[in-house]
Number of protein chains: 2
Amino acid sequence: MGQQSPGQELSRFKQNRRSEIAQAARRVLERDGYAHLSARKVAAEAGLSLGHITYNFAGMDDVLSEAYRLISERLRNASDRCLQQVDDQPVRKFEAFLRAGFDDEFLDFRHLRVRIDLWSAACNSEKLAETERALYDHYRQMLESLMRPLADNDPAKIAAIPALLDTIMATQDGLWLDWVRHRNHDAVENGLQMTMKLVRTVLLG
Amino acid sequence: MGQQSPGQELSRFKQNRRSEIAQAARRVLERDGYAHLSARKVAAEAGLSLGHITYNFAGMDDVLSEAYRLISERLRNASDRCLQQVDDQPVRKFEAFLRAGFDDEFLDFRHLRVRIDLWSAACNSEKLAETERALYDHYRQMLESLMRPLADNDPAKIAAIPALLDTIMATQDGLWLDWVRHRNHDAVENGLQMTMKLVRTVLLG
DNA sequence: TGGCTTTTGGTACGAACGTACCACAAATGA
DNA sequence: TCATTTGTGGTACGTTCGTACCAAAAGCCA
């Protein structure tokens with residue numbers, strides 16, 4: 001199908017196909033879960049033949065890695081959008097961001113299963129683990145940027161931020177997991193309120 | 001290989017084989033992870049032929065379910081043992097139990113991977129989800145039994161216990177996950193200290 | 001012992017898997 | 001136009017999977 005000028009055009013063509021396939025893999029992950037993903041299913045979802053996967057990817061590990069990288073990117077973009085909302089009170093902005101991760105868009109079984117599957121898959125692939133850590137780091141940095149104004153330049157409070165972040169990040173993951181487990185909005189609400197109470201105690205107390 | 005008196009003896013024989021196979025499946029889950037478990041591997045681990053699995057179990061789902069049930073039982077027994085330690089101060093007893101879940105025995109990649117795999121597998125099997133919820137409920141009830149003396153019969157504090165449990169359970173799961181992610185003992189320690197701070201604020205403040 | 005039921009070891013089957021491979025189509029540069 | 005590269009569709013191979021199936025062994029009771 002034709003030569004391309006070296007590098008640029010070639011990679012654009014290939015990149016398009018790679019992206020189509022990775023997007024299809026993402027949809028399969030969301031619809032059927034990691035356990036039921038297969039090369040044939042991804043190809044069918046993309047409307048392409050099986051050959052495209054071998055042609056554009058080193059293997060299914062490569063496809064999975066790209067798909068999860070793409071999912072992470074989408075989640076990060078969604079977080080970025082939440083960050084742009086304005087509020088005069090920093091603590092309200094912080095809480096709004098915290099709660100954004102638990103609105104109806106994110107509190108969806110199919111989306112959360114993708115995350116949980118990623119936790120599990122990361123145990124068997126250092127590459128996926130790296131992707132998952134990058135997602136964690138990004139979200140944590142956003143939380144930190146919203147938390148820092150709350151410390152009010154008090155060195156003692158600033159010093160407490162890392163420990164607070166360790167805890168809140170853990171609680172967030174746990175609340176997502178718990179929602180899949182119990183589908184109980186009250187538990188999520190309780191967790192968020194307790195998280196805010198902890199933040200206020202440590203940083204505003 | 002012989003008749004048994006109906007019911008009792010039969011089930012004891014069968015139960016032994018079932019148990020052997022389930023234990024072998026547990027070892028495979030701990031050594032290789034859910035993704036690399038197969039009927040042949042379990043049979044080899046048990047030192048039995050493939051026929052025993054079909055003879056004693058309805059299918060691999062059945063084996064998995066029994067294996068995870070067994071794992072849950074072991075975890076619960078370990079928790080029960082921690083509960084039996086004595087301390088004059090209820091808050092210290094509570095903290096000791098909280099920390100017991102993060103001592104060197106539990107903070108092990110292979111054991112934690114089993115938990116994470118279970119979270120993932122539970123998304124695809126209501127039976128496994130039920131097993132996982134039962135494990136959650138048991139641990140939660142133990143936490144509650146240790147938390148109740150801290151409320152000191154204050155109705156307001158007692159009313160806050162469920163929300164506190166929702167939060168702490170989530171944080172615990174999140175800290176286990178985070179240890180697999182970062183292998184950072186400091187983060188775990190920070191999470192535990194913040195958890196205790198929250199408990200003290202709500203119940204002892 | 002003879003006649004059963006239960007247990008065991010092993011094989012075989014059909015399905016699904018990843019992916020290697022190939023013939024052909026399409027596009028491009030000379 | 002033609003040679004070459006790149007993209008495409010599809011097939012086929014080798015593996016592994018769960019599990020059905022079966023013959024032989026082993027235990028038990030009459």
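Every chain is numbered from 1, with letters handed out A, B, ... down the list of sequences.
Taking 4.0 Å as the cut-off between side-chain N and carboxylate O, Lys41(B) and Glu45(B) do not count as a salt-bridged pair. A salt bridge links Glu126(A) with Arg133(A); the closest basic N to acidic carboxylate O contact falls under 4.0 Å. Salt bridge Arg140(B)/Asp166(B): present, at least one basic N to carboxylate O contact under 4.0 Å. Using a 4.0 Å cut-off between charged side-chain N and carboxylate O, Arg17(A) and Glu20(A) make a salt bridge.
One atom, CG of Asp61(B), and another, C1' of dG18(D), lie 10 Å apart when rounded to the nearest Å. Rounded to whole Å, atom P of dA20(C) lies 12 Å from atom CG of Asp62(A). Regarding Tyr34(A), its OH atom lies at a distance of 14 Å from the P atom of dC17(C), rounded to whole Å. Atom CZ of Phe57(B) is separated from atom C1' of dT7(C) by 15 Å (rounded to the nearest Å). Atom C1' of nucleotide dT16(D) and atom CE of Met60(A) are separated by 16 Å, given to the nearest angstrom. Rounded to whole angstrom, the span from the CG atom of Asn56(A) across to the P atom of dG18(C) amounts to 16 Å. As a whole-Å value, the separation of Ile53(A) CD1 from dG10(D) P is 14 Å.
Each of Arg92(A), Arg99(A), Lys93(A) was compared with Glu95(A) under the side-chain hydrogen bond (donor to acceptor under 3.5 Å, both in side chains) criterion, and only Arg99(A) meets it. When each of Glu144(A), Gln172(A), Arg76(A) is paired with Tyr139(A), the side-chain hydrogen bond (donor to acceptor under 3.5 Å, both in side chains) condition holds for Gln172(A) and for no other.
Which of dG18(C), dT6(D), dG18(D) sits closest to the side chain of Tyr55(A) comes down to dT6(D).
Remark on DNA chain C: of its neighbouring residues His36(A) and Gly51(A), the 5'-side contact belongs to His36(A), judged by nearest-heavy-atom nucleotide.
Within residues 37-50 of chain B, the residues having any heavy atom closer than 4.0 Å to DNA chain D are, in order of number, Ser38(B), Ala39(B), Arg40(B), Leu50(B).
Applying the 4.0 Å criterion to OP1 and OP2 of dT8(C), one finds that Arg17(B) has a side-chain N or O inside that range. Residue His52(B) places none of its side-chain N or O atoms closer than 4.0 Å to OP1 or OP2 of dT7(C).
Ring centroid separation for the pair Trp176(A) and Phe102(A) comes in under the 6.0 Å cut-off.
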